[in-house]
2 protein chains.
Amino acid sequence: MRSARDPRDARLARLRASLEEAGLDAILVSSRANTRYLTGFTGTSSMLVVAKHETILITDFRYRTQARTECAAVAQVEVEGVSLWGRLWNVLPKVQGVVCVGFESAHLLHGDYQRLVETGIRWSWRATSNVIEALREPKDESEMVHIRAAVAIAEEALTKTIPEIAPGFTELEVGANLERRLRELGSEWHPFETIVASGERSALPHARCSQRALRNGDFIIVDFGAISGGYCSDITRTFVLGKADGAQREAYDIVREANATASSGVRAGMRGRDADALARDYIERRGLGAEFGHSLGHGIGLEVHEAPRLAKTVDMPLPLGSVVTIEPGIYREGWGGIRIEDDVHLTAEGPVLLTSISRDLQELG
Amino acid sequence: MRSARDPRDARLARLRASLEEAGLDAILVSSRANTRYLTGFTGTSSMLVVAKHETILITDFRYRTQARTECAAVAQVEVEGVSLWGRLWNVLPKVQGVVCVGFESAHLLHGDYQRLVETGIRWSWRATSNVIEALREPKDESEMVHIRAAVAIAEEALTKTIPEIAPGFTELEVGANLERRLRELGSEWHPFETIVASGERSALPHARCSQRALRNGDFIIVDFGAISGGYCSDITRTFVLGKADGAQREAYDIVREANATASSGVRAGMRGRDADALARDYIERRGLGAEFGHSLGHGIGLEVHEAPRLAKTVDMPLPLGSVVTIEPGIYREGWGGIRIEDDVHLTAEGPVLLTSISRDLQELG
């Protein structure tokens, strides 16, 4: 038995409305996150067909039990032993009234597209973009419960790890301890490779954990997240090991102020470029614009990078109900870097900060 | 300064020979693993063009320092602030003598393929398959060093974790401890989500770690790996918590014998289907063929699943020098499952087992 208000029913209904509006009889879903959003399936191998009256999930033997447990309430589950594509060509002709089928241009590989046009000749295939991703932008309450849980796990794990950060430990040791706590606290997996970047390595915005040992005077960037019910959190804090010097303090304060300005000023309905400018204009006024080389943020949800984007090239408005990161940073080669990243829910009442762990400059060790 | 015998030079030379043979003037590389193999670049965002005399890596601001450090010895690094595709259309016309360009059909998304045919109209684009993947199958000694290190890290981490497995611990706690050790021992990341599947959950070939507490009498499948220098190991062991009963012992022995038969019998040059049959025929003779629902194994290297495949549908021979998993398993719904997975190097002298941790039935706790 499932709840009378299974959110997947509402999602599938909204998708069917989108399909009808676009003149599509069905859509072939390739994206794992989109498949999970619509059906709850958590496996790594599937094809999903959503037609007017049918929802069909094709998966392989390995996921037989799991797929039925997760999706039988909303989808017809087809378990295939040899080829998911073979099963598609077997199943699709049985779905009535399907002529024009959308596929996901941003998720279907060229080689699989060739299968559509070579083997699926009896249907008319149309490239679609962002049909399901757009539905995913506003988060419903069942999703917010998971995102808040993912934030809580991440913050508790970091809080427990901070006291252990001391000179002599390697970045990898700090990362390993943080990751163990994330998992023990229930994070289903890691949304991305944990970043612990210290000293001059903190100037690399996407450094991995290395064997570098922490030293007094280092900046330490910790960028990580948790996953709960499939939903991600994404948080960054920057610490100084030992006493911060004047230059560190000055740069940190600029990033912190940029973060605060953007977190409090961001609104649903604002264009992505205008949200980005909240932090960028401030950093530019302080003369460090050239050191803020990435965009301000991105949506989070079933993926750690999803729509919308907060970037200077983006004209699209931020949807009401979306959850975005606010993560200004500055990076100075050979010296170090700072990034402060929060997760913010864009509600009708304004931005709600989901992250609460301190943004003050913390001198550790 | 780089070594006079940088393996990337040999790889690029072999790729250029493949391109010439295929009548291609250049190839656009989208796959991260293929990019890393050819250039050493470890970032997540890049486009690589390999032409007769040029190797050009386009990446974004975040990887500026890293890309130059990792690839400047073999590639011209182009750092782009706005659009990698925009930079491609700027750079490609400057490469002389390029008319026909290959792209990776199994890695290029449909939407990006549309860019090629709509914006890149002055070139002739041709779909390619497995051009670089085929080069990657035989491992050179520089690669074997990393694979052996990844096996050693994984085996040491498991050896340290086994004594802690006891009734009452959750799958997630066992997984978290194993993962922490993997990281502390230097694993760069995890090749896939660690599987700790106990009791009836061990019948799910791709279960994640759950909050299920271990109980006496459980089978416990632990499937995990390490990454060293980008190269993966992939190992599975199955334990019994407490005393194994007769049915558990009997099923375990069948899987163990199937594993031993296949590991000692597999040879370079054998077709994928014949390698698969080494284990499958034995399990079928013992009457459990229906419970061995996946294929025998797969190549490992820069990806944890790469060519070749050991499966009943595969006619391709296993290349000399490749490294493959041998992982027979049986899965009985509601009862449990067993999988024993080793990593094997297919040398001219026969199969060399890289994994050495015990395959005997271990009764833990």
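Lettering of chains follows the sequences in order, A, B, ..., and the numbering in each one begins at 1.
A:Glu188 touches chain B through backbone and side chain together, each having a heavy atom under 4.5 Å away. In this structure, chain B has heavy atoms under 4.5 Å from both the backbone and the side chain of A:Glu184. At a 4.5 Å heavy-atom cutoff, the contact between A:Gln211 and chain B is made by side-chain atoms alone. Proximity to chain A (any heavy atom under 4.5 Å) is shown, for B:Glu193, by both the backbone and the side chain. Using a 4.5 Å cut-off between heavy atoms, A:Phe169 makes no contact with chain B at all. Proximity to chain B (any heavy atom under 4.5 Å) is shown, for A:Arg181, by neither the backbone nor the side chain.
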Stepwise side-chain contact (heavy atoms from CB on, under 4.5 Å) check, B:Leu109 with A:Leu108
CA-CA 6 Å; B:Leu109 292 164; A:Leu108 189 79; over 6 Å; no

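Taken from CG in B:Leu204 to CZ in A:Arg62, the straight-line distance is 12.5 Å, to the nearest 0.5 Å. We find the CG-OG distance between B:Asp112 and A:Ser105 to be 8.0 Å, quoted to the nearest 0.5 Å. Atom CZ of A:Arg201 sits about 11.0 Å away from atom OG1 of B:Thr65, to the nearest 0.5 Å. Between the CZ atom of B:Arg208 and the CD1 atom of A:Ile227 there is a distance of 7.5 Å, given to the nearest 0.5 Å.
Summarising the local packing, CZ of B:Arg87 is surrounded by more than 12 heavy atoms from other residues, nucleotides or ligands at distances under 6.0 Å. In the displayed structure, B:Arg36 atom CZ is contacted under 6.0 Å by more than 12 heavy atoms of other residues, nucleotides or ligands.
Residues B:His294 and A:Phe61 place their aromatic rings such that the two centres sit no closer than 6.0 Å.
Using a 4.0 Å cut-off between charged nitrogen and carboxylate oxygen, B:Glu179 and A:Arg180 do not count as a salt-bridge pair.
Taking each heavy atom of A:Leu172 and B:Arg183 in turn, the nearest pair found is CG-O, 3.4 Å.
Contact count versus chain B (heavy atoms, under 4.5 Å) is highest, among A:Glu173, A:Gln114, A:His190, for A:His190. Across B:Ser295, B:Gly293, B:Gly111, the residue that shares the most heavy-atom pairs under 4.5 angstrom with chain A is B:Gly293.
Relative orientation of the A:His110 and B:Phe103 rings is perpendicular, given thresholds of 30° and 60° on the angle between their planes.
At least one side-chain heavy atom of B:Thr194 sits under 4.5 Å from a side-chain heavy atom of A:Trp189.
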